[in-house]
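Computed from a predicted structure; not experimentally measured. Each chain gets a letter, A, B and so on, in the order its sequence line appears, and its residues count up from 1.
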Protein chains: 2
Amino acid sequence: MHNPLLIKLSHLCGLGPSDCSAMRFGEPHLVVPHHEILSDGQIVSHAGLLLSGMACRYKMVGDGRRAITAFFLPGDFLNQQMPERQRLDFGVAALTSCEIVDVPLAIWRDTGHSRLSDALTLLAGMDMAIARAWLANLSQRPADKRLAHLLCELRHRMAMVEMADGHSFRLPLIQQDLADALGLSTVHVNRVLQHIKEMGLIRIRDRTFLIGDLERLEQFAEFDPSYLHLGSASTGTSASSFRASPPSSIHL
Amino acid sequence: MHNPLLIKLSHLCGLGPSDCSAMRFGEPHLVVPHHEILSDGQIVSHAGLLLSGMACRYKMVGDGRRAITAFFLPGDFLNQQMPERQRLDFGVAALTSCEIVDVPLAIWRDTGHSRLSDALTLLAGMDMAIARAWLANLSQRPADKRLAHLLCELRHRMAMVEMADGHSFRLPLIQQDLADALGLSTVHVNRVLQHIKEMGLIRIRDRTFLIGDLERLEQFAEFDPSYLHLGSASTGTSASSFRASPPSSIHL
DNA sequence: CGATTACTTGACACCGGTCAAAGCCGGTGG
DNA sequence: CCACCGGCTTTGACCGGTGTCAAGTAATCG
């Protein structure tokens, strides 16, 4: 099995097969692009786990403006449903075709497997840390660094599920999605994208971002990945191994 | 005892004295304004509870810009420390003189009092809901509605600890604090503040905000308080009682 | 291939930032 | 009691980053 959640947890806190024995999954189901997965105001009693594809958490505000408050990658929970039967204050929509499976989180927690329970707590903490980083990003950084920072974060999270390395990763988003997440207009996202291309920080070929010099990109974005490794010990694994790759010279 | 946490929990989920019997508090201590309460990168193993005063969660970014990612009111936990011994990805600073007490959250959780444990979970959920609302606010609203929305939220949260009603509440913040939370410059906060004064939405007299017509203010801000009452049943209490106050006519 | 969706580009307006100076306190000390 | 002082607020002038509108080009998909 190549379950992205398991990959992530093994990287993140060294969870092994024995710790995962308590995990029970239901039947995965497919959602088509642009379809709503969870609706604002809905009451849910289960947790959705994204297996493949990309989704987002969002809120509609004012006239029809959409604020994207989170991106979901494979291995992410769509709703770390805290109390059981919570009423959602946000919607979740598929940005690409998505594979989703419902998970009985409460049961996972109560199996006595404290390591698994701790891992879930860790994921929830990561969710909050990401939200905090986004807040700082939105409120204090100019558009170019803002976009760069988001790209760094996504690359890093993709790396955790082995969908990225220091050189490239595929982002199946459209510029409108980036705009709604960054609080910018589509037009400006486009321009800023070109701008950081001209700076030689990235290159794009059909949705795949090519990174020449990761260190330079992260420095420009003021990106510090420590918020993505909350607390745990064996944190260096994925990051350092990818970081260890030669400063690169993808031919830009 | 007039512990703001108890007030909040009784409003929020009808917790009674019996549920609170398991709560053990240590010795409160005082922190002077501008002093750092928790430092970025610090490893903490306890939870700080704010008893009085006002504090903020923040991140420093780029050159010396400060991004405030949360305001703490009496009755709020400064760090809903998820895993024990987590490394903080943010700092916490006192904005006014603050009274703080450390609480052993892990012990509270394990006393078998599931209602108390649920309440703590609810508070954590509220923290996240607020962060999401801020994200939407920052990314999609113009300065005037942005500021108004924040004011509505703070008034509402103050009301939960009985420090506000539909007519007025005291906010001991300086404009710089608002600016750092809203992603605006101090100068612009000042102007926007005047602007919504001229609109007749608020009045200010020495740090106290007077609200003429709460409904109008909340409508202007597109403020929907439902995200602050996550999931629980007895949610209407504080809100509706305050809302019930006559449409007002504080003499503007 | 045609039609729809996504991406680019340019012109222009405006929101909000920056800089700098001037009032307005509240506190402190003479 | 007054003079001073430092932090906060208020103003004005000016500029730059982003938004908006609109048109055109390139992809993508039946």
Nearest-nucleotide check on DNA chain D, A/Asp206 vs B/Val187; residue mapping nearer the 5' end is B/Val187
Walk me through whether A/Val101 and A/His46 qualify under side-chain contact (heavy atoms from CB on, under 4.5 Å). CA-CA 10 Å; A/Val101 59; A/His46 58 272; over 6 Å; no
Please report, rounded to the nearest Å, how far the [atom2] atom of [N] is from the [atom1] atom of [X].
X	N	atom1	atom2	answer
A/Asn190	D/dA26	CG	P	14 Å
B/His195	C/dC15	NE2	P	10 Å
B/Ile196	D/dT10	CD1	P	12 Å
A/Gln175	D/dA27	CD	P	13 Å
B/Arg191	D/dC14	CZ	P	13 Å
B/Gln194	C/dG16	CD	C1'	15 Å
B/Lys145	C/dC15	NZ	P	13 Å
A/Gln176	C/dA6	CD	P	9 Å

TODO: Classify the nucleic acid contact of A/Arg205 as base, sugar-phosphate or nothing, counting any heavy atom under 4.0 Å across all strands shown.
DONE: nothing
Do A/Glu36 and A/Tyr58 have side chains that approach each other closer than 4.5 Å (heavy atoms only, starting at C-beta)? yes
query: Is any side-chain heavy atom of A/Asn79 closer than 4.5 Å to a side-chain heavy atom of A/Val92?
result: no
Among the nucleotides [options], which one has an atom lying closest to any side-chain atom of [X]?
X	options	value
A/Arg207	D/dT10, C/dC7, D/dT20	C/dC7
A/Lys197	D/dC8, D/dG12, C/dT8	C/dT8
B/Ile174	D/dC8, C/dT8, C/dT18	D/dC8

query = Going by atom types alone, do A/Gln175 and A/Thr186 pair a side-chain donor with an acceptor below 3.5 Å?
reply = no
Q: Output, in order, the C-alpha distance, side-chain angles, deciding distance and verdict of side-chain contact (heavy atoms from CB on, under 4.5 Å) for A/Leu182 and A/His188.
A: CA-CA 10 Å; A/Leu182 294 168; A/His188 204 61; over 6 Å; no
Residues B/Asp127, B/Arg57: salt bridge by 4.0 Å N-O rule: yes
Between protein and nucleic acid, restricted to nucleotides 15-18 of chain D and to nitrogen or oxygen atoms under 3.5 Å apart, what atom pairs and distances do you find?
{"residue": "D/dT18", "atom": "OP1", "partner": "A/Ala143", "partner atom": "N", "Å": "3.1"}
{"residue": "D/dT18", "atom": "OP2", "partner": "A/His188", "partner atom": "NE2", "Å": "3.4"}

When rounded to the nearest 0.5 Å, the distance separating CZ of A/Phe90 from CE of B/Met128 is 8.5 Å
Would one find a side-chain N or O of A/Arg65 under 4.0 angstrom from OP1 or OP2 of D/dG19? no
